[in-house]
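Okay, structure first, notes after.
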Amino acid sequence: MTKPSIVGISGSLSDPSRTSVLVKAVLTAIERETGYASSFIELSDAAPALFQSRSPKDLSVTGKAFVHRVEQADLLVVGTPVYRASYTGALKHLFDLVDHRHFSNKPVVLTATGGSPLHGLMIDHQLRPLFGFLQALSLPTTVYAVESDFSNYAISNPDIEERIARVGVEASTYLKRRTNQANGSHEAPLAAIA
């Protein structure tokens with residue numbers, strides 16, 4: 001049995017990035033719950049390989065490798081800064097290049113950072129529809145953090161830390177379910193687990 005692939009994606013093009021810090025914190029919580037290692041894609045690093053491509057057939061070898069990691073992941077943690085009341089164009093471009101057939105029932109943890117609590121609903125109004133279109137399974141608990149939740153690019157708000165821990169447990173449950181299904185095990189429906 002191969003180990004599940006857990007991939008985090010930061011849609012921020014800034015360095016340093018609060019979004020990247022948040023995604024990495026969620027990955028750490030999931031690793032703690034599952035015992036599996038994760039990997040991380042920072043779009044600020046992947047951008048040159050992805051942005052030169054207008055369609056999947058234009059991708060370079062490096063760009064194809066980034067897209068393949070996202071498509072083959074058993075669980076995704078996706079984060080974006082709120083930009084003009086939505087996710088970044090960089091994140092959208094990545095998901096314009098993937099093959100949607102790889103996302104059916106794939107669990108996805110949604111996270112975002114913003115300058116105001118007023119943008120917190122962006123996750124439900126923008127990110128959920130994107131992953132709904134891909135037929136992925138957006139997990140119920142999301143994490144939204146504002147600048148005051150960080151101190152020197154480290155999460156400093158206990159409420160955010162508690163929410164991240166909750167996401168770790170939730171993601172572990174859904175990942176276990178997906179892994180068991182892939183290995184032919186029959187369990188109760190997801191609704192009974194959640």
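For this chain, numbers begin at 1 and follow the sequence in order.
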Using only atom types and a distance under 3.5 Å, with no angle test, would you say the side chain of Glu170 pairs donor to acceptor with the backbone of Leu139?
no

Identify whether Leu22 and Leu75 are in the same connected component of the hydrophobic contact network (ILVMFWY, side-chain heavy atoms under 4.5 Å).
yes

Do Leu175 and Ile41 share a hydrophobic cluster, counting only Ile, Leu, Val, Met, Phe, Trp and Tyr and linking them when any side-chain heavy atoms are less than 4.5 Å apart?
no

Between Arg18 and Pro81, is any pair of side-chain heavy atoms under 4.5 Å apart?
no

Would a 4.5 Å heavy-atom cut-off, applied to side chains only, mark Phe103 and Gln135 as touching?
no

Do Arg178 and Tyr174 come close enough that some side-chain heavy atom pair is under 4.5 Å?
no

Verify same cluster id: Val77, Val169 (apolar side-chain graph, 4.5 Å):
no

In terms of hydrophobic clusters joined by side-chain contacts under 4.5 Å, are Ile6 and Phe66 together?
no

Can you tell me how far the NE2 atom of His93 sits from the CZ atom of Arg54, to the nearest 0.5 Å?
10.0 Å

Using the test ring pair (Phe, Tyr, Trp, His ring centres under 6.0 Å), find all partners of His68 that sit at least two apart in sequence or belong to another chain.
none

Regarding Ser12 and Ser17, is there a side-chain donor-to-acceptor distance under 3.5 Å anywhere?
yes

State whether the number of non-hydrogen atoms from other residues, nucleotides or ligands found under 6.0 Å of Phe40 atom CZ is greater than 12.
yes

Any Leu94 side-chain heavy atom under 4.5 Å of Ile9 side chain:
yes

Hey, what do you get for CG (Leu110) to OH (Tyr87), rounding to the nearest 0.5 Å?
11.5 Å

Roughly how far, to the nearest 0.5 Å, is CD1 of Ile30 from OG of Ser172?
8.5 Å

Please determine whether a side-chain nitrogen of the Lys or Arg among Asp159 and Arg163 lies less than 4.0 Å from a carboxylate oxygen of the Asp or Glu.
no

Step-by-step side chain to side chain contact (heavy atoms under 4.5 Å, CB included) determination, Thr113 to Val146
CA-CA 6 Å; Thr113 58; Val146 295; over 6 Å; no

Thr142 and Arg128, any side-chain heavy atoms less than 4.5 Å apart:
yes

As a test of understanding, state which of Val109, Leu91, Thr111 forms a side-chain contact (heavy atoms from CB on, under 4.5 Å) with Val78.
Leu91

Under the side chain to side chain contact (heavy atoms under 4.5 Å, CB included) rule, what do Leu50 and Leu59 come out as? Steps first, then yes or no, please.
CA-CA 7 Å; Leu50 297 173; Leu59 283 164; 4.1 Å; yes

Drop me the distance from Lys57's NZ to Leu97's CG, to the nearest 0.5 angstrom.
11.0 Å

Is the shortest side-chain heavy-atom distance between Tyr83 and Leu13 below 4.5 Å?
no

Evaluate Met122 against Thr80 for side chain to side chain contact (heavy atoms under 4.5 Å, CB included), listing each step before the verdict.
CA-CA 10 Å; Met122 183 281 293; Thr80 181; 3.7 Å; yes

Would you please say whether a donor-acceptor pair under 3.5 Å links the side chains of Ser20 and Glu42?
yes

Euclidean distance, Gln126 CD relative to Lys92 NZ, rounded to 0.5 Å:
11.0 Å

Hphob cluster co-occupancy, Tyr144 + Leu130, side-chain heavy atoms under 4.5 angstrom
yes

At their closest point, which heavy atom of Val23 faces which heavy atom of Gly8, and how far apart are they?
CG1-CA, 3.9 Å

As a quick check of understanding, evaluate side chain to side chain donor-acceptor pair (under 3.5 Å) for Gln72 and Ser5, giving each step before the final call.
CA-CA 7 Å; Gln72 297 306 310; Ser5 170; over 6 Å; no

So how far is it from Leu27 CG to Ser10 OG, rounded to the nearest 0.5 Å?
10.5 Å

Check whether any side-chain heavy atom of Asp149 sits under 4.5 Å from a side-chain heavy atom of Ile155, and report yes or no.
no

Check: Ser156 main-chain N/O paired with Ser151 side-chain donor or acceptor under 3.5 Å
no

Does atom OH of Tyr153 have more than 12 heavy-atom neighbours, drawn from other residues, nucleotides or ligands, at distances under 6.0 Å?
yes

Below 30° counts as parallel, above 60° as perpendicular, anything between as tilted: where do the rings of Phe133 and His100 land?
tilted

Sidechain-backbone polar pair: Ser86 side chain, Val82 backbone, donor-acceptor under 3.5 Å:
no

Is the backbone of Ser55 close enough, under 3.5 Å, to the side chain of Ser53 for a donor and an acceptor to pair up by distance?
no

Are the side chain of Thr28 and the backbone of Lys24 linked by a donor-acceptor contact shorter than 3.5 Å?
yes

Between Lys106 and Leu76, is any pair of side-chain heavy atoms under 4.5 Å apart?
yes

